[in-house]
Amino acid sequence: MRCTLRVGVGVTGVCGVLLLGLGIGAIFLFDSLLRDQIKKNEVIKKGSYLYDQWSDIPVPIFMQFWVWDLLNPEEVLKGEKPAVIQKGPYTYSERVVKTNITFHDNGTVSYLQPRTFTFLRNMSVGPENDTFTSLNIPLVTIAELIENERDIVKDLVSVIERLAQETLFMKLTVGGLVWGYNDSLLMDVNKLVPGLLPSTEFGLFMGRKTNGTDGVYSVFTGNGDVTKVNIIDTWDGQKSLNYWSDDPYCNMINGTDGNFFPPFITKDMRATLFSTDICRSVEGEFIRESSVRGIPTYRYEAPERLFQSGDINPANKCYCQNQACLPSGLLNISICKQGAPVIMSSPHFYLGDPSLVDSIIGMHPDPEQHKVYFEVEPLSGILLAAGKRLQANIYVKKIDHIQQTGNVREMFYPILWLNESTFIDPVNADKFKSQVTNNIKLMYGVEYGMIAVGCVLLIMFIILFARLRRRQSSTVLGTSDERTSLLNGDTVQ
């Protein structure tokens with residue numbers, strides 16, 4: 001009986017040690033196997049799961065616009081603060097299918113990324129032809145361009161504007177402002193000086209509603225080095241921009257196109273992407289662990305320093321374009337938008353200088369609604385949710401000889417703000433889980449299950465071994481007492 005008990009205790013201990021060792025070993029083995037599998041799958045090549053997701057983005061993408069409707073245009077011309085209310089959202093579905101896909105011998109693939117937008121009335125507050133009062137951007141643009149010209153030229157332009165019955169503020173439709181409309185001032189100028197203007201139409205996103213592209217991308221496929229997959233090699237044939245005063249930092253083209261990131265992301269890494277909307281690269285900072293439809297993710301957000309003034313953040317000095325730096329919260333992108341005085345910011349001047357919010361009646365910055373964020377599954381680098389929020393503003397001031405500017409105060413006038421967002425749908429979430437997440441959970445379950453069983457068996461071994469030792473001690477003590485009694489001449493009655 002004792003022999004059997006000893007054997008049982010020994011077997012329990014050996015099994016516990018073996019399972020614990022196998023569990024710990026499995027962590028390293030499975031982790032290595034998992035990484036090898038991801039390295040094989042996370043390469044842009046025809047026929048792969050990643051290629052299908054990359055070339056024809058399956059998850060729903062929405063573009064929403066909120067326009068700023070001016071309530072007191074006459075008072076603004078007299079020098080008072082603008083009072084505005086936002087109207088929106090006006091929602092569009094966004095379709096992205098890569099075209100002209102060409103693989104190159106240097107481990108890169110080039111492509112165009114046309115986008116098509118379809119209006120969704122059921123997700124909008126009104127139709128595209130809703131009207132509102134906004135700034136006459138062509139007038140302001142021309143006034144800005146000729147401000148330093150001779151007085152006679154200024155007078156001539158003023159006559160042209162009067163003939164066209166121009167005003168500083170005008171009624172526009174939502175669709176016209178966003179996608180383009182025939183502008184009377186541009187048409188008159190084109191008649192006077194044929195060929196001077198590239199178009200008589202104006203729109204903040206003109207030419208982008210149907211199959212509009214933002215340049216030729218060339219990215220690394222990840223073949224040979226998966227940590228470089230989807231990292232931009234060149235954009236429009238350039239390895240760097242030429243907008244920002246020949247400064248190498250501001251002109252860097254860093255990161256991905258924003259569709260997905262390289263695998264094996266850690267919390268101390270920054271997720272970097274290049275945005276043609278603001279003509280620069282953007283770094284997202286890790287905020288916290290999160291989840292999207294049950295899939296573990298890392299949440300990243302654009303930091304405050306993104307639009308911080310060069311007077312406060314020296315790294316942004318090159319965005320000042322050798323001029324006085326703008327207040328924090330603003331980025332002048334006129335240099336890459338055909339000279340239009342467009343100033344980008346976060347919606348409602350979120351994270352901007354307090355003076356910006358104070359200058360416009362109706363600004364109510366809210367972190368939850370106005371911050372830029374994206375959620376990434378860290379092992380694969382796949383983007384599962386994102387919200388890109390930006391506001392377009394125009395620099396306005398009184399210009400002598402341009403009577404339409406009246407006594408308007410100097411300000412950064414908000415035109416509209418947008419939210420380009422995505423959130424993986426249930427069908428694609430389940431597909432992703434079957435391809436990635438469930439396998440990871442299964443491997444982790446096996447690993448930690450073996451460790452847990454091993455620990456239980458070791459605890460049982462320790463308990464049983466301790467009991468066996470106590471039983472052996474009791475037996476030895478009893479035998480010793482009997483021998484002592486016999487030696488003392490005691491007899492059993």
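By convention here, the first residue in the shown sequence is residue 1.
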Does [Y] have [X] sitting over its ring (NZ/CZ under 6.0 Å from centre, angle to axis within 45°)?
| X | Y | answer |
| --- | --- | --- |
| Lys45 | Tyr51 | no |
| Lys228 | Phe220 | yes |
| Lys87 | Trp68 | no |
| Arg299 | Phe286 | no |

Apply salt bridge (Lys or Arg N to Asp or Glu O under 4.0 Å) to Asp311 and list each qualifying residue two or more places apart in sequence or on a separate chain.
-> Lys317
Ion pair present between Lys98 and Asp52, side-chain N to carboxylate O less than 4.0 angstrom?
-> no
Distance-only polar pair, side chains of Tyr90 and Asp130, donor-acceptor under 3.5 Å | yes
State, without any angle test, whether Tyr350 and Glu304 hold a side-chain donor-acceptor pair at a distance under 3.5 Å.
-> no
Using the ring of each side chain (for Trp, its six-membered ring), is His348 parallel, tilted or perpendicular to Trp417, with breaks at 30° and 60°?
-> perpendicular
Kindly say whether Asp214 contributes a backbone atom to a donor-acceptor pair with the side chain of Trp235 at under 3.5 angstrom?
-> yes
Would you check if the side chain of Gln321 reaches a backbone N or O of Asn332 as a donor-acceptor pair within less than 3.5 Å?
-> yes
Verify whether the ring centers belonging to Tyr300 and Phe261 lie closer than 6.0 Å.
-> no
